[in-house]
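Accompanying notes for the structure given below.
Residue numbers start from 1 in every chain, and the chains themselves are labelled A, B, ... in the order their sequence lines are given, proteins ahead of strands. Computed from a predicted model, the values in this text were never measured in an experiment.
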Amino acid sequence: MNLENLMLLSPFIAVALASIAVMLAATLWKTRFPALLITVVGLGAGLASTGALVGRAPAAVTPLLLINGYSLYFSGLVLACSLGVALLSMGYFARREQGPVQFCLFLLLSTLGAMVIASSSHFASLLLGLELQGAGLYPLAAYARFTPASIEAGIKYLVPSTVASAFLVFGMALVYADSGVMDFGSIAAIGRAPAMSLLMTVGLLMILSGAAFKLALVPFHLWTPDVYQGAPAPATAFVATVSKAAVVGLLMRFFAPFTDHGSNAVAASLWALAIASMFAGNLLALRQENIKRIIAYSSIAHMGYVLVAFLCGTALGIVSATYYVTAYAITALCALAVVSLLSHAKETESLADIRGLALRRPLVAFLFAVAMMSLAGIPFTVGFIGKFYVLSAGVQSRVWPLTFSLAVSSAIGLYYYLRVVIVMYRHPAPASEKDAGPSAMAGMSRPLSAAGMIALGTAGVLLVCFGVYPGPLFDFIAWMVGS
Amino acid sequence: MLNCLWIVIALPLAGFALLALAGSRMPGRLCALVGAGTVGISAALALAMGVSFAVSPPEGRQFTQTLWSWMSVPPFSPEVSLRLDPLSLVSVCVILVVAFLIMLYSSEFMSGDEGYSRFFSYMDLFVAAMLVLVLANDLVFLYLGWEGVGLCSFLLIGFWYKVPKNVVAARKAFLVTRVGDAALLAGIFLVVNKLGTLSIPEVLSRAAVSWPANSGAANAAAALFAVGAAAKSAQIPLHVWLPDAMAGPSPVSALIHAATMVTAGVYLVARLHPLFTLSPQVLFGVAIVGAVTLLAAGLAALAQRDIKRILAYSTMSQIGYMFLALGVGAFSAAEFHFVVHAFFKSLLFLGAGAVIRGLNQEHDIFKMGGLRRAMPGTFWTFAIGVCSLCALPLVTAGFYSKDLILSSALAAHQGGIWLWLAGVIGAFITTLYAFRMLFAVFFGEVRTQVSKGSGRNMTLALVVLSLFSVIAGFCQMPSGLGGVSLFADFLAPTLPQVREGVGRLQGSLSLVAAIVPLVGIMVAWTMYLHRPRFLQGYARLPALAAVHGFAKQGFGFDALYDYCFVKPVVYLSRVNRRDVSIAYVGAISRVAEALHYLLSMTQTGRVRWYAAGVGIGAVVLIGIGVLL
């Protein structure tokens with residue numbers, strides 16, 4: 001381990017140091033401010049050092065980690081999303097029994113895990129990253145421990161996740177048993193060979209099952225709505241953005257060699273997962289009344305769209321998939337920031353809660369509407385551009401079943417996205433006897449957290465900017481991922 | 001200097017954003033300042049660019065500013081790209097100057113309205129969209145502007161949305177122009193598919209190379225664009241929306257439904273003229289449509305009582321002249337008439353607005369009267385506008401632009417004399433209805449007292465516009481009268497020079513055309529002012545009364561469309577309420593919903609089922625692997 005390697009690890013080191021500092025700060029000061037400051041600074045330093053490394057890539061740090069444009073891009077995305085979540089948590093936990101201090105700790109650890117996943121080039125580091133990320137994620141989901149729903153969310157994430165991890169590890173073992181290698185480079189070489197042994201195939205499919213669980217692809221999606229709903233809103237935002245982005249990065253790196261020639265079992269499984277996810281995700285969200293569950297189901301469908309681009313097996317496909325993940329992360333962060341900001345004593349999560357929001361908080365309602373339109377893929381939002389590139393990659397590679405499924409299922413999806421927008425722009429329901437109390441009225445007019453507004457505003461601005469002027473981001477991704 | 005082109009669009013857009021976000025919390029004066037100020041600065045910038053363009057023209061007398069490419073999957077790569085050439089420069093300057101004056105006028109006209117900031121934000125958005133439409137160098141970008149102005153038109157016609165009639169009018173305008181939008185979109189698809197590019201200059205040059213004249217593709221593309229243009233410019237048979245669009249505030253009618261948006265069709269044809277010259281048949285069709293519209297709309301205007309409806313029909317009729325000019329290949333004559341028309345017609349609308357406001361929302365010209373004394377400023381400026389509309393020889397701008405159109409119609413290859421005749425008869429009708437309106441409103445006995453006079457801003461706008469309505473003509477004069485051709489020369493690299501008829505016959509016919517308005521004034525004076533009884537006697541004849549009623553209803557187009565389109569659709573939907581088509585369209589949503597509930601049953605909420613789900617999924621995947 002020389003200095004050069006330490007430099008390459010600096011983003012990891014920054015986040016790890018920040019998590020230790022948060023632990024120390026929690027014992028030294030009783031207030032929440034130092035911990036939050038350390039978190040934001042740590043994540044910011046991680047982001048900055050990721051940016052500084054762009055010129056040095058690609059380089060391998062031990063056999064475990066590979067720092068290249070691709071991993072740097074995903075690490076950066078993960079860090080930026082994490083930063084957004086940290087800002088959201090500031091306002092969110094200011095009004096609750098637990099402070100945000102431990103939340104920050106879990107957030108940092110989980111982010112570190114996500115970065116390791118995105119950069120891993122070996123089974124050992126992948127497993128390490130996944131477990132580190134998971135170890136942070138379960139407490140994040142269960143963080144509001146005085147509400148039963150949150151505890152339930154933690155359990156519902158922990159138990160199936162353990163099962164999925166078991167499959168993953170067993171898959172790794174099978175691959176190792178068959179080939180005797182554990183680093184991605186050697187496995188990719190096997191993937192490029194024309195024939196594959198059954199043991200290898202089964203092992204790879206088990207690994208795929210584990211990854212599909214993290215991405216909530218159908219039929220590994222059952223946990224998603226309950227966890228999204230029960231977890232505190234910033235934790236939901238974390239699950240929706242950070243953990244998704246990291247695993248997509250891994251999926252594309254690890255499985256890309258197996259999808260080049262689309263006739264093998266891995267590619268066929270991915271096709272099935274993609275089509276099932278697109279349809280099931282959108283259909284499940286149709287008549288849903290809970291916003292967090294809507295976002296959960298829609299995330300299932302969106303991961304299906306990402307797979308469409310990935311399965312094209314072309315350079316445009318990979319770039320489009322990366323663009324789509326970025327677009328989705330920005331949009332999901334924007335949408336969940338609204339949920340998080342509006343949540344007061346109890347979570348704002350049913351459609352009835354946001355009825356008439358446009359009259360009370362026009363700006364927030366507008367940004368939420370824009371986020372919904374971006375999810376639906378309406379022009380001048382980043383979601384539209386993402387979908388456009390995914391579709392054009394699909395058309396270029398002539399993967400008609402996937403392209404067709406994408407078109408049909410996103411048409412179904414329009415219904416529930418626009419429903420949310422319509423509800424917000426309707427007149428508020430006549431106040432029922434229960435809600436009309438003074439506390440409900442106070443909740444409507446209370447000022448929103450400044451840090452949360454910064455996160456929401458940034459996401460909203462990016463969402464429109466990249467929808468109108470997507471060129472630079474697209475070129476940047478093409479340059480990073482291509483190099 | 002020319003690199004500032006994008007700022008011209010960005011300023012009104014920024015004004016819109018500011019007013020839309022914070023307008024409701026800003027004092028009214030500030031709203032007007034932001035609204036009119038952004039347009040005013042843009043106008044100044046555009047004029048400065050015009051001067052710099054004229055003094056030191058860029059290479060090739062055109063300047064393209066490509067800001068960025070929206071998406072790029074070759075060959076489909078729509079670009080945000082602006083093109084400044086003499087054609088777009090003239091249009092931009094006219095649009096901005098007129099828009100600024102109208103917004104200055106509105107700052108007073110709209111004062112006290114509860115939607116004051118909303119009004120200015122829409123107007124700013126409109127100006128930005130109109131500039132996009134005019135400056136676009138790319139068909140998709142042009143389409144964005146095209147739809148943007150359509151949206152603003154919808155919003156502003158229905159500005160006073162609490163009156164249901166206004167909302168119906170807004171919807172009608174939106175739906176009818178949509179027919180044309182669909183045709184335009186189809187035309188763009190055709191062009192992209194056949195020529196593989198979206199950039200307008202590229203489209204035009206490739207079309208000239210790969211499409212022979214009169215070929216099917218050229219005809220189809222030109223016809224589709226022509227339908228789009230006709231719907232936007234309210235030409236028969238897609239004109240029915242314009243008279244109803246007068247439900248909006250008068251400044252809106254002046255800006256959108258007289259000076260700028262309705263002439264977008266003319267601009268589109270002029271912009272794409274090399275494509276149209278490949279298809280002489282379509283071009284001839286455009287001329288015929290123009291001739292028919294100018295006559296029919298003129299007659300309809302003669303039968304109206306509502307001052308704004310008179311002006312609306314008059315606008316259709318004048319745009320008919322522009323289409324006539326386009327149809328005979330005199331593109332710069334059409335553009336010249338667009339410029340002049342923008343000045344005098346917005347002047348007339350603003351004058352009408354001042355009168356309507358002064359008389360407490362009275363629209364009927366026969367309930368007005370004798371306003372000459374009560375509103376002298378409005379009277380004189382309105383009279384100048386009327387004279388320019390009637391093309392009073394030598395002293396008005398309208399004369400020079402209309403003369404150019406008529407003389408180039410005469411020189412046309414096909415049916416020149418008939419088109420010329422239509423134009424001259426139209427000019428006669430124009431004079432009749434215009435002076436009928438002038439006499440009824442400002443002469444005769446006082447029927448309604450003025451309750452509110454016009455203030456400084458309104459009068460200033462009227463005076464400046466009336467000045468332009470006179471002097472704008474002097475930059476293009478026929479060969480018999482000094483032969484100035486500054487305007488056509490300036491446009492020459494972009495639009496072909498106008499062929500003017502020369503010879504003794506043409507000379508004498510021009511003289512006839514010049515005298516027609518004078519005769520018209522005499523007739524109008526006799527009929528409406530000197531001996532009104534004479535006309536009333538005839539009006540009692542049943543045949544004439546029927547014709548009058550028919551013309552008043554706009555020749556029954558509304559009834560016809562109601563009968564042909566609206567009624568059948570309503571009838572069919574009523575019959576079909578429980579019919580097959582509904583059943584299987586509904587089936588899609590019912591199937592989706594059923595699937596939703598079916599899938600929802602898997603969400604049991606039980607952890608052991610979730611864990612089992614992971615296992616089942618893995619087994620299925622492995623099954624796929626083993627079987628393959």
Side-chain angles (χ1 to χ4, degrees), chain A residues 152 155-156 158-164 166-167 171 198 201-202 204-206 208-210 212-213 217-223 225-226 263-266 268-269 272-273 279-280 282-288 293 316 362-363 366 385 388-389 392-393 395-396 412 415 468-472 474, chain B residues 13 17 20-25 66-80 140-141 143-144 147-148 588-628:
Chain A
E152 191 185 323
I155 297 287
K156 279 182 174 167
L158 174 67
V159 175
S161 183
T162 317
V163 177
F167 276 106
L198 187 61
T201 308
V202 171
L204 286 171
L205 289 173
M206 284 187 162
L208 179 60
S209 305
F213 173 85
L217 294 169
V218 175
F220 303 95
H221 67 289
L222 293 165
W223 57 277
D226 291 355
S263 59
N264 67 20
V266 175
S269 306
L273 289 175
F279 277 106
N282 280 319
L283 284 170
L284 276 167
L286 269 189
R287 303 289 304 168
Q288 192 48 252
R293 286 182 87 91
L316 178 66
L363 186 64
F366 175 72
I385 303 289
F388 174 82
Y389 277 119
S392 56
V395 170
Q396 206 182 53
I412 297 173
Y415 170 77
V468 178
Y469 187 24
F474 191 82
Chain B
L13 202 59
L21 286 176
S24 54
R25 269 168 260 152
T66 301
L67 296 174
W68 68 80
S69 174
W70 188 30
M71 302 176 280
S72 177
V73 179
F76 180 77
S77 60
E79 282 178 338
V80 180
V140 170
F141 198 43
Y143 189 75
L144 173 72
E147 289 292 341
I588 297 174
S589 72
R590 230 165 294 132
V591 166
E593 208 173 339
L595 286 173
H596 161 75
Y597 287 117
L598 205 66
L599 281 170
S600 295
M601 281 157 61
T602 60
Q603 297 296 147
T604 55
R606 294 223 298 269
V607 181
R608 75 182 91 145
W609 164 241
Y610 289 2
V614 175
I616 293 167
V619 168
V620 169
L621 286 195
I622 292 166
I624 293 175
V626 172
L627 288 178
L628 276 179

Completion exercise
Heaviest contributor of heavy-atom pairs below 4.5 Å to chain B, chosen from A:Leu158, A:Val163, A:Asp226, A:Leu208, is A:Asp226
Problem - Interatomic distance, A:Leu286 atom CG to B:Leu595 atom CG [nearest 0.5 angstrom] - result: 9.0 Å
Problem - Heavy atoms from other residues, nucleotides or ligands near CZ of A:Phe366 exceed 12 (cutoff 6.0 Å) - result: no
Exercise for the section: Name the member of B:Leu598, B:Leu599, B:Leu21 that forms the most heavy-atom pairs with chain A at distances under 4.5 Å. Expected result: B:Leu599
Handout entry: Residue pair B:Gln603 / A:Pro225: nearest heavy atoms and the distance that separates them
Key = NE2-CG, 3.2 Å
Problem - For B:Ala611 against A:Val159, the heavy-atom pair lying closest together - result: CB-CG1, 4.4 Å
Problem - Heavy-atom proximity to chain B below 4.5 Å, by part of A:Phe388 - result: side chain
Completion exercise
Looking only at B:Ala612, B:Gly613, B:Ala592, most heavy-atom pairs under 4.5 Å shared with chain A are made by B:Ala592
Problem - 4.5 Å side-chain heavy-atom contact, B:Leu621 and A:Phe167 - result: no
Handout entry: Where B:Ile624 and A:Ser269 come nearest, the two heavy atoms and their spacing
Key = CG2-OG, 4.0 Å
Handout entry: Residue part contacting chain A, namely of B:Leu627, when any heavy atom lies under 4.5 Å
Key = neither
Exercise for the section: Among the options A:Phe279, A:Tyr389, A:Phe213, pick out the one with the most heavy-atom pairs lying under 4.5 Å from chain B. Expected result: A:Tyr389
Completion exercise
Shortest non-hydrogen pair, B:Gly625 vs A:Ala265, comes out as CA-CB, 3.5 Å
Handout entry: Segment of A:Val468 engaging chain B (4.5 angstrom heavy-atom cut-off)
Key = both
Completion exercise
If one checks every heavy atom of B:Val620 against chain A at 4.5 Å, the contacting part turns out to be neither
Practice task
Please tell me if the side chains of B:Trp609 and A:Leu222 come closer than 4.5 Å, counting only heavy atoms from C-beta onward.
Solution key: yes
Handout entry: Check: B:Trp68 side chain, A:Pro470 main-chain N or O, donor-acceptor pair, under 3.5 Å
Key = no
Completion exercise
Note: A:Leu283 and B:His596 closest approach over all heavy atoms is O-ND1, 2.8 Å
Practice task
Pick one of side chain, backbone, both or neither for A:Leu316, based on which atoms fall under 4.5 Å of a heavy atom in chain B.
Solution key: neither
